[in-house]
Asks: 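To start, I am sharing the structure in question, which I have written as C-alpha cells.
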Amino acid sequence: FLVLHSMEKLELVPIMLPRSFLFILVGHFFFQLSNLGVRICGLPEVTMVAMNCCGAAIYMFSTRSWAKSRAEIHQTLLHFSVAEAECAVESDREIVYANIIALMRASRRVKRTASPQQALKAFEGEVRGHLANEFNKIFGRFAFSHVEYILLALTVFAPYYVDAWSLVAQGSSIREVIGQRSLDPFMIFTATTLWHLTLEVAGNCFLHLTGLRNLLYILIMNGVISGVA
C-alpha cells in the first residue's frame, strides 16, 4: 500500500519521540528549578554551569538516539530485500510473494508478461527508491516541531516565572517584575530554540560512534556549544 500510494498526507509518529519529548520536558524543568535553587542558596556559579551541561547532554543523547534509529530505518529501506524480509508466518511466504507479483502486475508497475522474479525485483526497487525517500521527508531533519521547541524553551524559563510571581506576592510591582523578564520572549522564540537546534545538529553527526566514544563525543560537543552559548 505504501509503495503504490501517495504519502503526502501520511504522518508517522515514532513511539519513542513522544516519550523522549516528555522526558526532556520534565528534565528541563527539573534542571532549571535546581538552578534557581542554586542561585537562592548562593552556591558557586560553577554548580549551575555543571547542571546546565548535564541537562544539555541528556537532551543531545535523546535526540541522538532518535537520529540513529532514523538512519537505521533509512538504511533498512535502502537495502530492502524480499528474500530477507521477515514473514509473520514463514509457511505463508509463497502466498505473500504471489500477492506482491499480482499487485505489481495489476498496478502496471511491470508488464503482465513479466516473470515472478522480475516483479519481485521491481517491488524491491520501489521500496528502495520511492519509499526510502518518502520516509525521509515525513520524518524530517529534526526530532520535534517548531511548537515543541518553543514548549521546551518555555520549560527552561518556567521556574523563573514562578519566582517572579513570588516577588509580586511579596510586594514588588508587576511593572518592575515584567521589566526584569523583558528579554524572555526573545530568549524563548529565538535564542533558546536555536540552542536546542544546534545541540541536535551536532548530535546528528558521527552516528557510527558507540559506547564510550559516543559518550565522549556528546560531552565534548555539549561543552563546546554550551561554552559558546
Asks: Would you say the side-chain atoms of Arg70 pair up with the backbone N or O of Ala143, donor to acceptor, closer than 3.5 Å?
Replies: no

Asks: In Å and rounded to the nearest 0.5 Å, what is the CZ to CG distance from Arg19 to Leu17?
Replies: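 If I round to the nearest 0.5 Å, the distance is 10.0 Å.
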
Asks: Would a single hydrophobic cluster contain both Val96 and Ile101, if residues Ile, Leu, Val, Met, Phe, Trp and Tyr are joined by side-chain heavy-atom contacts under 4.5 Å?
Replies: yes

Asks: Same cluster or not: Phe23 versus Phe30, using hydrophobic residues (I, L, V, M, F, W, Y) connected whenever any side-chain heavy atoms lie under 4.5 Å apart?
Replies: yes

Asks: So which atom in Tyr217 and which in Ala202 form the shortest heavy-atom distance, rounded to 0.1 Å?
Replies: OH-O, 2.6 Å

Asks: Aromatic rings Tyr59 and Phe144: how do their planes relate, parallel, tilted or perpendicular, breaks at 30° and 60°?
Replies: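 If you compare the ring of Tyr59 with that of Phe144, the planes turn out tilted.
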
Asks: Can you tell me if Arg64 uses its side chain to pair, donor with acceptor, with the backbone of Asn204 under 3.5 Å?
Replies: no

Asks: Would you sort out whether Tyr97 and Arg93 count as a side-chain hydrogen bond (donor to acceptor under 3.5 Å, both in side chains), showing the intermediate values?
Replies: CA-CA 6 Å; Tyr97 283 1; Arg93 183 174 288 274; 3.2 Å; yes

Asks: For Gln117, look at atom CD and say whether over 12 heavy atoms of other residues, nucleotides or ligands are found less than 6.0 Å away.
Replies: no

Asks: Drop me the distance from Leu77's CG to His74's NE2, to the nearest 0.5 angstrom.
Replies: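 That separation rounds to 8.0 Å.
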
Asks: Any chance you could measure Trp195, atom CH2, to Thr190, atom OG1, to the nearest 0.5 Å?
Replies: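 One finds 14.0 Å between CH2 of Trp195 and OG1 of Thr190.
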
Asks: Verify the cluster assignment for Leu219 and Phe61: are they in a single hydrophobic cluster under the rule of side-chain heavy atoms below 4.5 Å apart?
Replies: no

Asks: One pair to check against side chain to side chain contact (heavy atoms under 4.5 Å, CB included): Lys121 and Gln118. What are the steps and the verdict?
Replies: CA-CA 5 Å; Lys121 285 292 183 185; Gln118 287 175 322; 5.7 Å; no

Asks: Using every non-hydrogen atom in the two residues, find where Val82 and Phe80 come nearest and quote the distance to one decimal.
Replies: CG2-CE2, 3.8 Å

Asks: Measure the OG1-CG distance between Thr155 and Leu151 for me, rounded to the nearest 0.5 Å.
Replies: 8.0 Å

Asks: Quick one: do Ile218 and Leu197 end up in the same hydrophobic cluster if we chain Ile, Leu, Val, Met, Phe, Trp and Tyr together by side-chain heavy atoms under 4.5 Å apart?
Replies: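 They do share one cluster, since a chain of ILVMFWY contacts under 4.5 Å joins Ile218 to Leu197.
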
Asks: Quick one: CG on Leu25 to CG on Leu154, what's the gap to the nearest 0.5 Å?
Replies: 9.0 Å

Asks: Take Trp66 and Phe139, measure what ring-ring contact (aromatic ring centres under 6.0 Å, His included) needs, and give me the verdict at the end.
Replies: CA-CA 10 Å; Trp66 162 239; Phe139 284 148; 5.3 Å; yes

Asks: Begin from the C-alpha positions of Glu72 and Lys68 and carry the test salt bridge (Lys or Arg N to Asp or Glu O under 4.0 Å) through to its verdict.
Replies: CA-CA 6 Å; Glu72 287 173 5; Lys68 286 187 175 185; over 6 Å; no

Asks: Could you walk me through whether Ile24 and Ile58 satisfy the side chain to side chain contact (heavy atoms under 4.5 Å, CB included) test, starting with their C-alpha distance in whole Å, then the side-chain angles of each, then the deciding distance to 0.1 Å, before giving a yes or no?
Replies: CA-CA 8 Å; Ile24 294 168; Ile58 291 172; 5.5 Å; no

Asks: When you check the side-chain N and O atoms of Glu200 and Tyr149, is any donor under 3.5 Å from an acceptor?
Replies: yes

Asks: Apply side chain to side chain contact (heavy atoms under 4.5 Å, CB included) to the pair Ser62 and Phe21, showing each step before the final yes or no.
Replies: CA-CA 9 Å; Ser62 299; Phe21 179 74; over 6 Å; no

Asks: Measure from the side-chain N and O atoms of Glu148 to the backbone N and O of Ser145, and report whether any donor-acceptor pair falls under 3.5 Å.
Replies: yes

Asks: Could you walk me through whether Gln75 and Leu78 pass the side chain to side chain contact (heavy atoms under 4.5 Å, CB included) check?
Replies: CA-CA 5 Å; Gln75 286 301 312; Leu78 281 180; 3.9 Å; yes

Asks: Going only through I, L, V, M, F, W and Y residues with side-chain contacts under 4.5 Å, is there a path from Val201 to Phe206?
Replies: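 Yes; Phe206 is reachable from Val201 via cluster members.
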
Asks: So, the side chain of Glu126 versus the backbone of Leu131: is there a donor-acceptor pair under 3.5 Å, distance only?
Replies: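 A pair under 3.5 Å: no.
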
Asks: Can you tell me how far the CD atom of Glu94 sits from the CG atom of Asn99, to the nearest 0.5 Å?
Replies: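 One finds 11.5 Å between CD of Glu94 and CG of Asn99.
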
Asks: Quick check: does any side chain N or O of Arg109 sit under 3.5 Å from a backbone N or O of Met104, one acting as donor and the other as acceptor?
Replies: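 No.
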
